[in-house]
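Notes follow once the structure below has been shown.
Predicted model, so just to flag it, every value in this text is computed and none were measured.
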Amino acid sequence: MRDEEIKALFDQQAAGYDKQWAGMAPIREALYLLLDALFIDLPADARILCVGAGTGAEIEHLAERFPGWRFTALDPSGAMLEVCRQRAEHGGFAQRCDFYQGYLDTLAPEAAYDGATCFLVSQFLLEPAVRTAFFGQIAQRLKPGGLLASVDLAADIQSPDYEVLLPGWMTLMAAAGVDAQMLERARAAYARDVAVLPAQQVAGIIQVAGFDAPVQFFQAGLMHGWVSRREADA
């Protein structure tokens, strides 16, 4: 799926996105609980880059948890970013946020950030070299030793395990209230538009991009999360 196709898809979904995925909140909350523990030692005035910020759910969580932090919300979808802005204004933390519509290459390539989040974004980059370059752009914008928390769908789709995990994941989403049309769209996307790779391969892509060996800290169904530290001399 090309960049403009992804942007158009999320523009269309923005208004109802949070409601559509509300039933998956327990997974999101577990992820955030672990994220807090991983990011706890970042500076009290840390700057955080949120790549593919979407509607701003993780920014809202981190802004409440760490009141001295500032955030850069980056997303190519103007509609999603507007929902993010409204969330920040309603939550009273908009003054701690900068909102940028675009891609990573629209940000100055300076090592300005103490931490970054990138949730369910890199999986849309189908070519490994492009995905590596994407994580390299994040590394370039982190201070040496800065932390990246990234989450993507991951599995060995050639393994018998996937034949168990995929139906279970679809059943979970259905039980969480995701409508049938969205489920079919997701199933088709996993086969065509999402790079569902083995977890160790995703970790390898991140590491080659300028990070120390990533540590997997989270898994829920097909969702995997890694924490990675930018190489000190990257």
Side-chain angles (χ1 to χ4, degrees), residues 17-18 20-42 46 48-66 69 71 73-75 113-125 131-132 134-135 138-139 142 145-157 159 161-162 164-176 178 186 189-190 194-230:
Y17 187 85
D18 287 334
Q20 176 68 60
W21 296 101
M24 301 290 279
I27 291 177
R28 184 176 64 247
E29 293 305 318
L31 171 62
Y32 292 170
L33 183 66
L34 292 167
L35 180 64
D36 288 349
L38 294 169
F39 275 15
I40 190 70
D41 290 328
L42 292 181
I48 307 297
L49 172 61
C50 296
V51 182
T55 63
E58 73 260 28
I59 296 178
E60 180 179 44
H61 173 84
L62 291 171
E64 292 175 354
R65 180 70 177 81
F66 302 99
W69 288 9
F71 303 90
L74 177 72
D75 202 286
Y113 296 96
D114 301 282
T117 61
C118 182
F119 293 165
L120 302 175
V121 177
S122 88
Q123 63 194 29
F124 292 106
L125 304 174
R131 201 166 181 178
T132 300
F134 170 81
F135 282 113
I138 297 177
L142 283 170
L147 291 178
L148 166 66
S150 56
V151 175
D152 281 304
L153 301 181
D156 181 354
I157 63 175
S159 166
D161 294 352
Y162 190 63
V164 176
L165 288 172
L166 180 60
W169 185 244
M170 291 296 168
T171 298
L172 173 64
M173 290 196 291
V178 179
Y190 293 172
V194 178
V196 180
L197 302 178
Q200 62 270 27
Q201 186 174 348
V202 179
I205 288 172
I206 296 170
Q207 184 172 2
V208 169
F211 291 91
D212 293 339
V215 175
Q216 185 179 323
F217 72 91
F218 178 80
Q219 181 179 355
L222 295 181
M223 284 178 61
H224 292 64
W226 297 267
V227 61
S228 315
R229 188 176 297 276
R230 181 193 156 170

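- Between the side chain of E60 and the main chain of L62, no donor-acceptor pair closer than 3.5 Å is present.
- Judged by distance alone, with hydrogens and angles left aside, the side-chain atoms of Y32 form no donor-acceptor pair with the main-chain N or O of H61 at under 3.5 Å.
- Listed here is the closest heavy atom pair of F119 and A149: CE2-O, 3.4 Å.
- No side-chain heavy atom of S228 sits under 4.5 Å from any side-chain heavy atom of Q207.
- A donor-acceptor contact shorter than 3.5 Å is absent between the side chain of D114 and the backbone of G146.
- Two residues are said to be in side-chain contact when any heavy atoms from C-beta on lie closer than 4.5 Å; Y113 and L42 fail this criterion.
- Using a 4.5 Å cut-off on side-chain heavy atoms (C-beta onward), V227 and L148 make no contact.
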- Query: Should F135 and V51 be marked as a side chain to side chain contact (heavy atoms under 4.5 Å, CB included) after you check the CA-CA gap, both sets of side-chain angles, and the distance that decides it?
  - Reply: CA-CA 10 Å; F135 282 113; V51 182; over 6 Å; no

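- Contact check for M223 versus F218: side-chain heavy atoms found under the 4.5 Å cut-off.
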- Before giving the answer on side chain to side chain contact (heavy atoms under 4.5 Å, CB included), spell out for F134 and I205 the whole-Å C-alpha distance, their side-chain angles and the decisive distance to 0.1 Å. CA-CA 10 Å; F134 170 81; I205 288 172; over 6 Å; no

- Task: List the steps, then state whether side chain to side chain contact (heavy atoms under 4.5 Å, CB included) holds for L153 with W169.
- Result: CA-CA 11 Å; L153 301 181; W169 185 244; 4.2 Å; yes

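- Looking only at distances, no side-chain donor or acceptor of Q216 sits under 3.5 Å from a matching main-chain atom of W226.
- If you take CG on L165 and CD1 on I157, they are separated by 12.5 Å, rounding to the nearest 0.5 Å.
- Proximity of a side-chain donor or acceptor of R229 to a complementary backbone N or O of D212 within less than 3.5 Å is not detected.
- Separating the CD1 atom in I138 from the CG atom in L74 is a distance of 9.5 Å, to the nearest 0.5 Å.
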- Verify side chain to side chain contact (heavy atoms under 4.5 Å, CB included) between L197 and D156, making sure each step is shown before the conclusion. CA-CA 6 Å; L197 302 178; D156 181 354; over 6 Å; no

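- Contact check for I40 versus R65: side-chain heavy atoms found under the 4.5 Å cut-off.
- When all heavy atoms of M170 and A186 are compared, the pair lying nearest together is CE-C, 4.2 Å.
- Salt bridge status for R131 with D152: present, with a side-chain N to carboxylate O gap under 4.0 Å.
- A 4.5 Å side-chain heavy-atom check between V196 and L222 finds every atom pair outside the cut-off.
- Here the closest heavy-atom approach between residue I59 and residue A53 is recorded as CD1-CB, 4.2 Å.
- Rounding to the nearest 0.5 angstrom, the gap separating the CD1 atom in I48 from the CG atom in L142 is 9.0 Å.
- Here the closest non-hydrogen pair linking G52 and V121 is CA-CG2, 3.9 Å.
- Side-chain contact check for F71 versus L49: every heavy-atom pair is 4.5 Å or farther apart.
- Nearest heavy-atom pair, Y190 versus M173, reported as atom, atom and distance to 0.1 Å: OH-CE, 3.9 Å.
- Residues S150 and I206 meet the side-chain proximity criterion, which asks for heavy atoms closer than 4.5 Å.
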